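This report refers to the structure that appears directly beneath it.
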Amino acid sequence: MRMSQLFGQTLREAPADAEIPSHRLLVRAGFIRQLAAGIFTVMPLAHRSITKIENIMRDELNAIGGQEMTMPVVHPAEIWQETERWYQIGSEMGRFKDKNNRDMVLAMTHEEVVADITRTEVQSYRQLPRLIYHIQTKWRDDPRPRAGLIRVREFTMKDSYSLDMDWEGLDKQYRNHYQAYFNIFHRCDIPVTAVRSDVGMMGGKLAHEYMYLTAVGEDTLLLCDNCGYGANRQIARFRKNENPPEDLKPIKKVATPDTKTIESLAKLLNVPESRTAKAVFMIADIPEGTDTIERFVFAVIRGDMDVNETKLTNAIKAKAMRPATEEEIASVGAVPGYASPVGLKDVVVVIDDAIPQSPNLVAGANETGYHLMNVNYERDYTADIITDIASAQEGDACPDCGSDLRTIRGVEVGNIFKLGTRYTEAMGSYFLDRDGQEKPIIMGSYGIGSGRLIACVAEEHHDDLGLIWPITVAPYEIHLVALSGRGTSETLEEAEKLYAELQTAGYEILFDDRDESPGVKFNDADLLGMPIRLTVSDRARSQGGVEYKRRDKQEKDIIPSGDVVKRITEEINQMHAEIQAKVVSIPYDG
RNA sequence: CGGGGCGUAGCGCAGACCGGUAGCGCACCGCGUUUGGGACGCGGGGGUCGGCGGUUCAAGUCCGCCCGCCCCGACCA
């Protein structure tokens with residue numbers, strides 16, 4: 001490709017609203033342009049990189065038996081109504097009506113379409129297992145797109161769907177993906193760690209997220225360096241230290257003026273925060289059939305812990321949750337700062353599973369300025385649900401081995417879900433088994449967003465000057481710079497010759513044939529970040545060849561004119577070998 | 001959805017407080033000089049100042065409403 005012909009130009013300055021490096025550099029280098037919040041145009045250079053990423057995904061998916069196909073972006077609402085996600089998902093779903101006033105959905109994901117197509121295509125166990133995938137556009141109207149390509153509303157995703165006759169089959173396909181995904185990320189030269197994750201709107205049994213660890217990430221993970229436990233904070237478990245057992249003491253009301261926080265309460269009464277109970281009030285939207293009802297949720301947790309809203313949402317099977325307003329709190333008889341589960345009405349009480357183990361806690365009296373001492377679960381109040389609703393923190397004990405957990409930020413670049421029969425049962429996607437029984441197909445789903453992935457590659461591989469593409473995903477392998485100064489048509493001729501020669505040899509070259517100064521060309525080469533830079537100039541010619549430089553290294557040297565193709569072949573093989581060395585087998589954590 | 005910020009040429013910004021013919025740098029077009037780290041001279045093109053309404057002789061500037069974009073939080077796969 002001649003740079004003089006390339007569509008799109010580089011920018012000396014990044015748009016003021018681009019903050020993180022991948023966003024700034026991808027925009028400056030002319031890889032992406034924004035159309036609206038969370039909606040981007042992929043320019044030719046980025047398109048080439050994304051195509052390479054997609055081909056890596058195809059390669060790995062085909063290797064585990066995947067068959068590529070394409071499913072529609074626009075769906076009739078009926079299939080989403082059949083699985084009830086039409087009702088469960090809120091404003092993130094893109095809905096519109098067609099010309100006949102029929103409800104339509106923009107694809108957020110394709111479980112419904114898969115479950116629909118299998119209704120007609122799979123009748124027998126002989127047609128299982130199968131693995132199908134496609135690379136297709138998704139629309140998720142995220143309330144807050146941000147950070148360039150990291151979090152967008154419209155994006156392209158590789159999503160695969162496994163179809164099995166039994167759970168052993170699903171387990172096998174899940175494990176296949178577990179390793180194939182590591183291979184994909186490693187071949188793109190980004191380090192990832194797989195952690196257990198919330199199943200969220202997908203439903204299902206088991207899920208992992210592949211996290212690229214970076215400060216710009218918006219997910220928080222808890223990792224155990226001792227035993228390897230890793231989980232998204234949304235579902236991370238931890239060992240809760242138990243309060244010492246003691247006999248139940250009589251309840252006692254004490255005056256605690258101006259003591260609205262756990263910290264001040266513990267200090268005033270001279271008890272550890274773990275001897276207090278804290279209340280959190282939420283309003284939850286809970287689906288009931290095709291309707292949604294609002295319920296007041298009163299969550300109780302020990303004072304030394306925080307409520308994890310994902311766990312709480314899952315515990316009550318809510319569609320959405322928000323903090324209750326002061327009026328709503330007052331209307332159920334509670335008093336913010338002095339709230340207590342004792343003596344409430346018309347609320348769903350959810351208590352953390354550490355509470356029943358913790359005798360004689362201090363709780364609010366539902367009266368401003370007063371708390372109750374020695375409040376005990378069962379004797380003084382009851383709960384609708386007892387489960388783990390606590391949020392794991394840095395330093396909490398690992399649920400598996402008891403070592404300290406540490407927290408770190410990450411970007412979710414992929415996920416895998418054991419869905420089971422949630423979609424196939426809802427949609428009547430059954431097959432006839434060997435034993436003559438009709439059974440629902442067992443599904444798994446597995447996704448990787450290609451745009452987010454390229455942003456993570458850019459985030460991982462850049463410096464102050466620009467991008468530094470790994471050879472496997474670079475738009476072009478070679479950036480050929482011609483410094484054709486005054487009176488040196490020989491230099492331009494040699495560059496043209498080299499361009500033709502390397503193309504014939506099968507390499508991908510971005511040829512800077514523009515009439516620009518050396519500074520402009522070198523700066524653009526650094527910004528665009530192709531793995532190899534070749535410079536043809538008077539100087540290099542006088543030294544008998546062309547200058548070679550790797551983008552990720554400082555050293556330069558002169559390759560004799562006759563040896564260029566041979567040397568480039570060696571260097572590119574070397575680069576591929578460096579990345580291949582990172583593609584390793586990862587122990588399965590399931 | 002809550003809090004904050006910003007919308008003036010493709011990009012980065014001034015002008016607004018104090019109303020009076022819309023500017024600068026980069027980028028772009030032409031001619032010439034220049035060519036190993038974002039060259040220089042001369043000449044040029046490009047803006048309904050986010051939108052609508054109001055105040056005023058006069059609005060980029062003052063007032064109101066709306067829209068868009070960004071950041072923090074909530075939320076999310």
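From a predicted model like this one, the values you see are computed outputs, not experimental measurements. First the proteins, then the strands, lettered A, B, ... as listed; each starts at 1.
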Review point. Given A:E54 and A:K158, is the salt bridge (charged side-chain N to carboxylate O under 4.0 Å, His left out) satisfied, shown in steps?
Key: CA-CA 8 Å; A:E54 290 174 349; A:K158 185 291 300 167; over 6 Å; no
**Study point:** Donor/acceptor link under 3.5 angstrom from A:D524 side chain onto base of B:rG38
**Key:**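 Counting by modelled atom types and ignoring angles, a donor-acceptor contact under 3.5 Å is found here.
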Review point. Do any side-chain nitrogens or oxygens of A:S517 fall under 4.0 Å of OP1 or OP2 in B:rU35?
Key: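 No.
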Point to revise | B:rG23 versus B:rA39 - spacing of their P atoms, nearest Å | key: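 Those two atoms are separated by 28 Å.
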Counting only Watson-Crick or G-U wobble pairs whose two distances fall under 3.5 Å, which nucleotide matches [N]?
N	answer
B:rA74	none
B:rC28	B:rG44
B:rA9	none
B:rG60	none
B:rC18	none
B:rU35	none

Exercise for review: Sugar-phosphate means primed atoms, P, OP1 and OP2; the rest is base. With that split, encode nucleotides 2-11 of chain B 5' to 3' as B, S or - using protein heavy atoms under 4.0 Å.
Suggested key: ---------S
**Study point:** Residue A:E412, side-chain heavy atoms: nucleotide from B:rA77, B:rC72, B:rG37 that is nearest
**Key:** B:rA77
**Study point:** Residue A:R533, side-chain heavy atoms: nucleotide from B:rG36, B:rG37, B:rA74 that is nearest
**Key:**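 Looking only at heavy atoms from C-beta outward on A:R533, the closest nucleotide is B:rG37.
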Review point. Which sits closer to the 5' end of RNA chain B, A:T535 or A:Q34, going by the nucleotide each is nearest to?
Key: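 Result: A:T535.
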**Study point:** Which residue lies more 5' along RNA chain B, comparing A:R514 with A:D17 via nearest heavy atoms
**Key:**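 The residue whose closest nucleotide sits nearer the 5' end is A:R514.
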